[in-house]
Amino acid sequence: VKRCIEALPQETEREKEHYYRYRWLFSLLYLCGLRVSELSQNRMGSLFSRRDRHVTLRWWMAIQGNGQKHRTVPVTKELMEELANYLTFKGLSPYPIANEETPLVLPIGATKNKPLTRAAIHYIVKRIFTDTATYLRSQGPEFEGEALHVEQASTHWLRHTAGTHMLEQDMDLLHVRDTLGHESITTTNRYLHTADDARHD
């Protein structure tokens, strides 16, 4: 998916805006494991920084999730770089300001407080997955299985992939639960495929 986004045209200002928005959107969905509803209802002001016990500046995102429940999601350096690139291209400050009402993802051409709808986010994500399937097929017939798989992907697929990859990198199960906003550890356990893989091996 990232290679497909990298290959998109960037000749016009509009194409460049799409490009930076795609990079930011997919990084945000994958690295934070957000639900679409959380993406559409939260604002740039939900991002904040604080220093840890070693005085290292760390970024976080305060998310209002399902059922008005709140959680704090760690934000990586990679994600902050994508955000800075996106905001700078939009002519905005590269880092969010406290209580800033700018939506996390803006419609093309907008710099004001008009968020994308959930339907628009679903459409954008599906379009990139379709483009990725086309890109995979262009690589040869041996990629047909992967192309079919990615054509079925959705925003929730990105969230599931995020959780699975966190667990595969040995992130603590409780940290994954808290990052994804699951009420129960049982829900998070569904993302843990490594035991099945070991059993299959």
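Quick note: residue numbers are just sequence positions, from 1. Owing to the predicted nature of the structure, the values given are computational and were not obtained by experimental measurement.
Between V55 and R51, the shortest heavy-atom contact is O-NH1, 3.1 Å. In this structure, P107 and L116 approach most closely via the heavy-atom pair CA-CD2, 3.8 Å. Of all heavy-atom pairs spanning L87 and P94, the tightest one is CD1-O, 3.7 Å. Pairing each heavy atom of P115 with each of S40, the nearest pair is CB-O, 3.9 Å. Heavy-atom minimum distance, W24 versus V105: NE1-CG2, 3.9 Å. Across every non-hydrogen atom of F89 and E13, the tightest pair is CZ-O, 3.4 Å.
Not counting sequence neighbours, the partners of E100 by the side-chain hydrogen bond (donor to acceptor under 3.5 Å, both in side chains) test are T102. Residues that satisfy the side-chain contact (heavy atoms from CB on, under 4.5 Å) test with T134, not counting sequence neighbours, are absent from this structure. The side-chain contact (heavy atoms from CB on, under 4.5 Å) test applied to S49 returns L57, W59, not counting sequence neighbours.
Put simply, the side chain of R21 gets close to the backbone of L106: a donor and an acceptor are under 3.5 Å apart. Side chain of Q41 to backbone of E38: no donor-acceptor contact under 3.5 angstrom is found.
Within 6.0 Å of CZ in R58 there are 12 or fewer heavy atoms belonging to other residues, nucleotides or ligands. Atom CG of N99 sits in a sparse spot, with 12 or fewer heavy atoms from other residues, nucleotides or ligands closer than 6.0 Å.
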Per-pair distances, 0.1 Å, donor-acceptor, side chain in residues 118-126, under 3.5 Å, sequence neighbours excluded:
residue	atom	partner	partner atom	Å
H122	ND1	T155	OG1	3.3
K126	NZ	E151	O	2.9
K126	NZ	A153	O	2.7

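In this structure, E6 does not pair ionically with R3, as no charged nitrogen and carboxylate oxygen lie closer than 4.0 Å. Salt bridge R137/E142: absent, no basic N to carboxylate O contact under 4.0 Å.
Exactly one of V1, D131, I128, T130 qualifies for a side-chain contact (heavy atoms from CB on, under 4.5 Å) with V150. That residue is V1.
If you check the side chains of Y20 and Q10, you find no donor sitting under 3.5 Å from an acceptor.
Taking 4.5 Å as the limit, every side-chain heavy atom of T72 sits out of range of all side-chain heavy atoms of M61. Side chains of L104 and M44 form a contact here, defined as non-hydrogen atoms less than 4.5 Å apart. Looking at H70 and S46, their side chains never come closer than 4.5 Å, going by heavy atoms from C-beta outward.
F48 belongs to a hydrophobic cluster with W60, counting contacts under 4.5 Å between side-chain heavy atoms of Ile, Leu, Val, Met, Phe, Trp and Tyr, direct or through other members.
How far CG of L29 is from CG of L39: 5.5 Å, rounded to the nearest 0.5 Å. Separating the CG atom in L31 from the CG atom in L158 is a distance of 10.0 Å, to the nearest 0.5 Å. With values rounded to the nearest 0.5 angstrom, S27 atom OG is found 12.5 Å from M80 atom CE.
Between Y135 and F129, a ring centre-to-centre spacing not shorter than 6.0 Å is recorded.
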TODO: Begin with the C-alpha distance, continue with both residues' side-chain angles, and end with the deciding distance and a verdict on side-chain contact (heavy atoms from CB on, under 4.5 Å) for D52 and R50.
DONE: CA-CA 7 Å; D52 66 13; R50 64 181 180 215; over 6 Å; no
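Residue pairs meeting the side chain to side chain donor-acceptor pair (under 3.5 Å) criterion with at least one member in residues 74-95, sequence neighbours excluded, are K2-E78, E17-K90, R23-E82.
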